[in-house]
Amino acid sequence: LSASLHLRDLPPSKAVCFPLVHDATLRGSSADLAAFFVHFAIPNLKTLTANATTHDLRVSLRSAIADLFDHVPRTLTTLCLEQDWMRVVDTSRLGIQTSTLLDILQPLLQFRLLHTVEIAFAYLPPIDDDGIKSMLEAWPDLTHLTIAPGPSFTIEGDRIPTTKSLVLAA
């Protein structure tokens, strides 16, 4: 079953429960996705594909991720964050201190049951072996990690994973 919801008014917090839903694909603004999980309970959610557009700087993106995943059940085992969700501004050109990918994804580290994480976006904030190690430690059951930049990706600085990350993951 696939359903498309177009909501104008949201019910009271957690007024609607979907206990039989295990997989969800959601697309909308980051604020709308967060509001969805505030107002709708999906206690047995295992797989989430989130595709949201945001035009905020990465600090705001981290806040948006924190707001959304604060309400997602910890039963999640598979997470896909699609390209529009991770669209960020290259703040190095603006003279603003930038965040690492790990900083942006920090709210996701509490999802200890994740075994599949896929992240696809056009701009790649710095990520290094220590960042990959932190992800591997936070997600002990991880069997699949994809960090896939889009076709026009750029990488900031020289902080990229090395073969050391592959050894850590083995």
Query - Pairwise side-chain contact, Ile104 with Ile65, heavy-atom cut-off 4.5 Å (strictly under) - result: yes

Requested in this report: Decide if atom NZ of Lys133 counts as having more than 12 heavy atoms of other residues, nucleotides or ligands within a radius under 6.0 Å.
Outcome: no

Query raised in the report: Which of these, Thr116, Leu114, Ile119, Thr47, sits in a side chain to side chain contact (heavy atoms under 4.5 Å, CB included) with Leu79?
Result: Leu114

Query raised in the report: Can you hop from Leu26 to Val38 via hydrophobic side chains spaced under 4.5 Å?
Result: no

Requested in this report: Hey, could you give me the OG1/CG distance between Thr100 and Asp128, rounded to the nearest 0.5 Å?
Outcome: 7.5 Å

Query - Donor-acceptor under 3.5 Å (Asp141 side chain, His115 main chain) - result: no

Requested in this report: Might you point out which heavy atoms bring Arg112 and Pro140 nearest each other, and give the distance in Å?
Outcome: O-CD, 3.6 Å

Query raised in the report: Does Val16 reach the side chain of Phe18, with side-chain heavy atoms less than 4.5 Å apart?
Result: yes

Query raised in the report: After noting the C-alpha distance and the side-chain angles of Phe36 and Ile42, does the key distance pass the side chain to side chain contact (heavy atoms under 4.5 Å, CB included) rule?
Result: CA-CA 10 Å; Phe36 178 86; Ile42 308 178; 3.6 Å; yes

Query - Atom pair CE/CG of Met135 and Asp130 - distance to nearest 0.5 Å - result: 11.5 Å

Query raised in the report: Between the side chain of Arg27 and the main-chain N/O of Ala50, is any donor-acceptor distance below 3.5 Å?
Result: no

Report summary line: OG (Ser165) and CD1 (Ile147) are apart, to the nearest 0.5 Å, by 8.5 Å

Query raised in the report: Checking Trp139 side chain against Leu108 main chain: does a donor-acceptor pair fall under 3.5 Å?
Result: yes

Query raised in the report: To the nearest 0.5 Å, what is the distance between NE2 (His71) and CG (Leu33)?
Result: 12.0 Å

Query raised in the report: Which atom names give the shortest non-hydrogen contact between Pro43 and Pro73, and what distance separates them?
Result: O-CB, 4.0 Å

Query raised in the report: If every non-hydrogen atom of Gly131 is compared with every non-hydrogen atom of Ile127, which pair is closest and at what distance?
Result: CA-CD1, 3.7 Å

Query raised in the report: Measuring from Leu68:CG to Phe37:CZ, what's the distance to the nearest 0.5 Å?
Result: 6.0 Å

**Report entry** Backbone of Leu45 reached by a side-chain donor or acceptor of Thr75 within 3.5 Å
**Finding:** yes

Query raised in the report: Under 3.5 Å, side chain of Thr49 to main-chain N/O of Cys80, donor-acceptor pair present?
Result: no

Query raised in the report: If we only count heavy atoms from C-beta on, is the Leu76 to Leu113 side-chain gap below 4.5 Å?
Result: no

Query raised in the report: If you measure from CG on Leu48 to OG1 on Thr25, what distance do you get to the nearest 0.5 Å?
Result: 7.5 Å

Query raised in the report: Do the side chain of Arg74 and the main chain of Val72 share a donor and acceptor less than 3.5 angstrom apart?
Result: yes

**Report entry** Stepwise side chain to side chain contact (heavy atoms under 4.5 Å, CB included) test for Thr78 and Val117
**Finding:** CA-CA 6 Å; Thr78 301; Val117 177; over 6 Å; no

